[in-house]
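Okay, so here's the structure we're looking at.
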Amino acid sequence: MWNISDEVKPSNRAHVQSLKRKIAAACPPVLPKKRLSVIHRLNCFLQLWLLKIIAATYFFVRRLFINSPFAIRPTLVKRYTCRLTLEVRIFFPPDYEGNSRSLLPLYFNIHGGGFAVCDAQIDDRFCTSWAKRTGMLVVSLNYTKAPLNPFPAASYDIAAVIKEVLEDASLPVDKSRVAIGGFSAGGNLALSATQLPWLKGIIKAAVVYYPIVDFSHPPDVKLAAKPYTNSPPDTLEKSSWIFDWGYVSNGQNRRDPLLSPCYAKREDLPPWIYMVGAEWDMLRLEAQVMIHHLAGLVNEEDPMVDAFEKGNYKWTVAKGCSHGFTHDLGGGSPDIQKRRQTCEMIYQEAYEWLERSVLGCQDGK
Ligand SMILES: *[C@@H]1O[C@H](CO)[C@@H](O)[C@H](O)[C@H]1NC(C)=O
């Protein structure tokens, strides 16, 4: 159906080796997006707009009738002049005293949704508990969506709003302790926006959950190379084609590091990175290869392990979980209790890792 690469149905091992070699290349060859057949595009157009309408209706109704419980509402909702249409949701840690002069470390959160759907509101629960757990000021960002705003619009939205938040004197922010993170497409955007020149060096750490980091391999190649069997159907099996259609324009270089951060140079990314992959996720392998590469585990024989921490880089595979598990999406363990425990464990690890990376270093070390 889609013929953008030389590898037709690679084995898992061959796929990993080829991805390793490509991201290690000093300058991976340009891979422009090809225009696909009219039928394919029409199909994607209809499906993506249908999905967007359903999602927008869902959020509209939810806002009207189901006011989110008081306990997970943001402390503040603001808009910044650079992007007046994009609401910014701000969560203070519960023990913060309004009149205190202490400055808080800052965490930017970016929601997922295939670059095309959802709203920052879906992360309210996470943001509330993350602010409580870490004592950080959590700022949850919205961004413009595909297909009307394809790549790189969202990266620039995120970077522009971050800049204004950092300049906002009304927020008690310690600018030497800033981290970013996101889920799925939001994880991609976290690794993309931080490469933009005016954010480089400002954001010390990124925590990304099941991100897409490689747009240069089509979904069928990723599905064929997935390193697991006997899993529930992949959350993204059907939708990755339509998200790709909406987000990546014809002619766009699929190996642009802003689009596919696995091709970014180490020094262009935040100096500390923690990646969390879901075991049953067709996107797990690319994140796994990227983080192994960043940590210097680059030899052909180096196995892809399920968890490591080496230098500034950390990796965890959430066992028995699918893409979207943190938000109770996707198949995977039918046991919600177990999935929640996995989330709890991972969030705690992420927090402890942040303490070692950004939170501990007062005074801009
Ligand atoms: C979030 O961004 C989308 C896409 O631009 C926009 O349609 C929506 O109104 C925004 N929502 C809020 C609450 O800012």
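In each ligand, atom 1 is the first atom listed, and ligand 1 is the first ligand listed.
- Of all atoms in ligand 1, listed by their number and element, those nearer than 4.0 Å to a heavy atom of Tyr143 are 2 (O), 4 (C), 5 (O).
- When Tyr210, Phe183, Tyr209, Phe126 are each tested for a ring pair (Phe, Tyr, Trp, His ring centres under 6.0 Å) with His327, only one passes: Phe183.
- With salt bridges taken as basic N to acidic carboxylate O contacts below 4.0 Å, one links Lys78 and Asp168.
- Some N or O of Glu87 is nearer than 3.5 Å to an N or O of ligand 1, by distance alone.
- If you number the atoms of ligand 1 from 1 as listed, the ones under 4.0 Å from a heavy atom of Leu86 come out as 2 (O), 5 (O), 14 (O).
- At least one N/O-N/O distance between Asn142 and ligand 1 falls below 3.5 Å.
- If you check which protein heavy atom lies closest to atom 5 (O) of ligand 1, you get Thr144 CA, 3.5 Å.
- None of Lys222, Lys33, Lys34, Arg41 except one satisfies the salt bridge (charged side-chain N to carboxylate O under 4.0 Å, His left out) rule with Asp244; the exception is Lys33.
- Closest to atom 9 (O) of ligand 1 among all protein heavy atoms lies Thr85 O, 4.5 Å.
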Legend entry - Residue pair His40, Trp241: steps toward the ring-ring contact (aromatic ring centres under 6.0 Å, His included) verdict: CA-CA 9 Å; His40 178 93; Trp241 294 100; 5.8 Å; yes
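- Contact check for Asp123 versus Arg89: no side-chain heavy atoms found under the 4.5 Å cut-off.
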